[in-house]
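One-based numbering, in listed order, for ligands and for the atoms of each. Everything numeric in this text was worked out from a predicted model, so none of it was measured.
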Amino acid sequence: MKAVLFDLDGIITDTAGYHFLAWKAMAKKLGIEINNEFNEQLKGISRIESLELILKKGELENKFSMAEKEELATNKNEEYKKMIEQMSSVDILPGIELVLNELKSKNILLGLASASQNGPFILKKLGLIDLFDTIVNPAELSAGKPAPEIFQKAAEQLDLPVKECVGIEDAAAGVESINNASMVSIAVGDRAVLSAADKVVASTNQLTADLIKKVWIDCSETN
Ligand code: B16
Ligand code: MG
């Protein structure tokens, strides 16, 4: 194992609540109500795909031009950015700073494979950006999660074969993306939702360098 590729939202920090508040306010202006349960579907997918789902819920999917949709998405992002401006290292999820440093001390490369275009901004706010060897720019991808491209791109940017990497995710679409890239996958969250992963743990503080390496070894032996 030469690298570990991390998802951001739901693994390194929890921005889902802020995304939800910003989308909820935008949806309300259009007369669409969204709840927490609906928000689950927005995890891991891109900004524009999230907007499409919200418009579909309000049966407004054919009411806006592409330029108008871009404007709605940009407005949501401006609201979201005001919310995440306050983030700091206290917003790092349990055990994450420890495991990043542990992996780093073992000379394992670290990559960010997040659908969020705010990824570098958030990593700076959390004080973690210097630990990362590479960050995939999601704006350059032709297909988001569950397509394998984002995890393949992270491996490519590190000049490593996918077999030397482990991907870590909290969303079903993200686990599918890792698996589609033929990488070892570790998921954090509900086993029922994330059963496609090679290993599922309940909380980020169960992610240790030893556990990640063990999952990689076990999977490499069986393949
Ligand atoms: P932005 P991840 C994803 O991040 C979020 O889970 C998802 O809800 C969001 O729509 C997406 O980033 C895009 O975010 O609007 O900031 O570009 O889980 O892939 O780290
Ligand atoms: Mg996520």
Side-chain angles (χ1 to χ4, degrees), residues 4-27 34 36-57 69-85 87 91-93 96 100 110-126 128-129 132 134-141 143-154 167-181 185-190 193-194 196-197 200-201 203-204 207:
V4 181
L5 311 175
F6 288 81
D7 173 48
L8 177 67
D9 292 334
I11 293 294
I12 292 176
T13 188
D14 197 359
T15 50
Y18 298 128
H19 277 297
F20 177 54
L21 287 177
W23 280 128
K24 195 176 159 72
M26 191 223 70
I34 60 169
N36 259 310
E37 196 190 337
F38 179 85
N39 190 50
E40 284 302 305
Q41 296 175 54
L42 308 183
K43 289 186 180 173
I45 64 167
S46 74
R47 196 180 305 164
I48 207 79
E49 284 169 324
S50 302
L51 174 66
E52 300 280 5
L53 284 183
I54 293 167
L55 294 179
K56 196 163 174 221
K57 181 164 192 302
K69 285 181 192 171
E70 294 286 354
E71 197 185 329
L72 287 169
T74 303
N75 290 344
K76 176 265 171 180
N77 193 50
E78 290 308 314
E79 286 311 305
Y80 173 69
K81 270 165 66 181
K82 281 184 210 158
M83 296 174 188
I84 59 176
E85 183 61 41
M87 289 183 93
D91 297 298
I92 302 171
L93 284 170
I96 290 296
L100 293 174
L110 303 177
L112 189 76
S114 165
S116 175
Q117 297 188 48
N118 295 298
F121 176 80
I122 294 172
L123 283 186
K124 271 184 214 146
K125 286 276 167 196
L126 300 176
L128 297 175
I129 196 144
F132 281 80
T134 199
I135 296 175
V136 177
N137 179 357
E140 287 174 0
L141 302 172
K145 300 169 189 176
E149 196 180 348
I150 190 165
F151 283 94
Q152 286 168 337
K153 191 93 194 286
I168 306 199
E169 262 289 347
D170 69 313
V175 169
E176 243 188 280
S177 173
I178 303 171
N179 291 349
N180 287 337
S185 56
I186 300 181
V188 180
D190 186 346
V193 181
L194 302 165
V200 183
V201 294
S203 155
T204 50
L207 295 170

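For ligand 1 and S114, the ligand atoms under 4.0 Å from any heavy atom of the residue are 2 (P), 4 (O), 19 (O), 20 (O). Of all atoms in ligand 1, numbered sequentially from 1 with element shown, those under 4.0 Å from a heavy atom of I45 are 7 (C), 9 (C), 10 (O), 11 (C), 13 (C). Of all atoms in ligand 1, numbered sequentially from 1 with element shown, those under 4.0 Å from a heavy atom of L8 are 20 (O). Near K43, meaning under 4.0 Å from any of its heavy atoms, are these atoms of ligand 1: 6 (O), 8 (O).
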Which is it for K76 and E79 under the salt bridge (Lys or Arg N to Asp or Glu O under 4.0 Å) test, yes or no, and what are the steps along the way? CA-CA 5 Å; K76 176 265 171 180; E79 286 311 305; over 6 Å; no
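Summary of contacts: the protein heavy atom closest to atom 6 (O) of ligand 1 is G44 N, 2.7 Å. Nearest protein neighbour of atom 4 (O) of ligand 1, counting heavy atoms only, is D9 OD2, 2.9 Å. The protein heavy atom nearest to atom 15 (O) of ligand 1 is R47 NE, 2.8 Å. The protein heavy-atom contact nearest to atom 18 (O) of ligand 1 is D7 OD1, 2.9 Å.
The closest approach of D7 to the Mg ion (ligand 2), by N/O/S atoms, is made by OD2. Residue D9 approaches the Mg ion (ligand 2) most closely through its N/O/S atom O.
Residue contacts with ligand 1 include K145, since one or more of its heavy atoms lies under 4.0 Å from the ligand. Proximity of S50 to ligand 1 is established by a heavy-atom distance of less than 4.0 Å.
For A16 against K43, the heavy-atom pair with the smallest separation is CB-CE, 3.7 Å. Nearest heavy-atom pair across K145 and A113 is NZ-O, 3.0 Å. The nearest pair of heavy atoms linking N118 to N77 is ND2-OD1, 3.0 Å. Shortest non-hydrogen contact noted between E140 and E149 is O-OE2, 4.4 Å. N36 approaches F20 most closely through the heavy-atom pair N-CZ, 3.6 Å. Closest non-hydrogen pair, T15 versus I122, comes out as CG2-CD1, 4.0 Å.
With no hydrogens or angles considered, no side-chain donor-acceptor pair links N39 and H19 at under 3.5 Å.
The side-chain heavy atoms of L5 and L112, taken from C-beta on, include no pair separated by under 4.5 Å.
No donor-acceptor pair under 3.5 Å is formed between the side chain of D91 and the backbone N or O of L126.
With a cut-off of 2.8 Å, the Mg ion (ligand 2) has an N, O or S atom of D170 in range.
For ligand 1, the polar-atom distance check finds an N/O of N118 within less than 3.5 Å of one of the ligand's N/O atoms.
Under 4.0 angstrom from ligand 1, the non-hydrogen atoms of L42 all belong to its backbone. At a 4.0 Å heavy-atom cut-off, ligand 1 touches Q117 through backbone and side chain alike.
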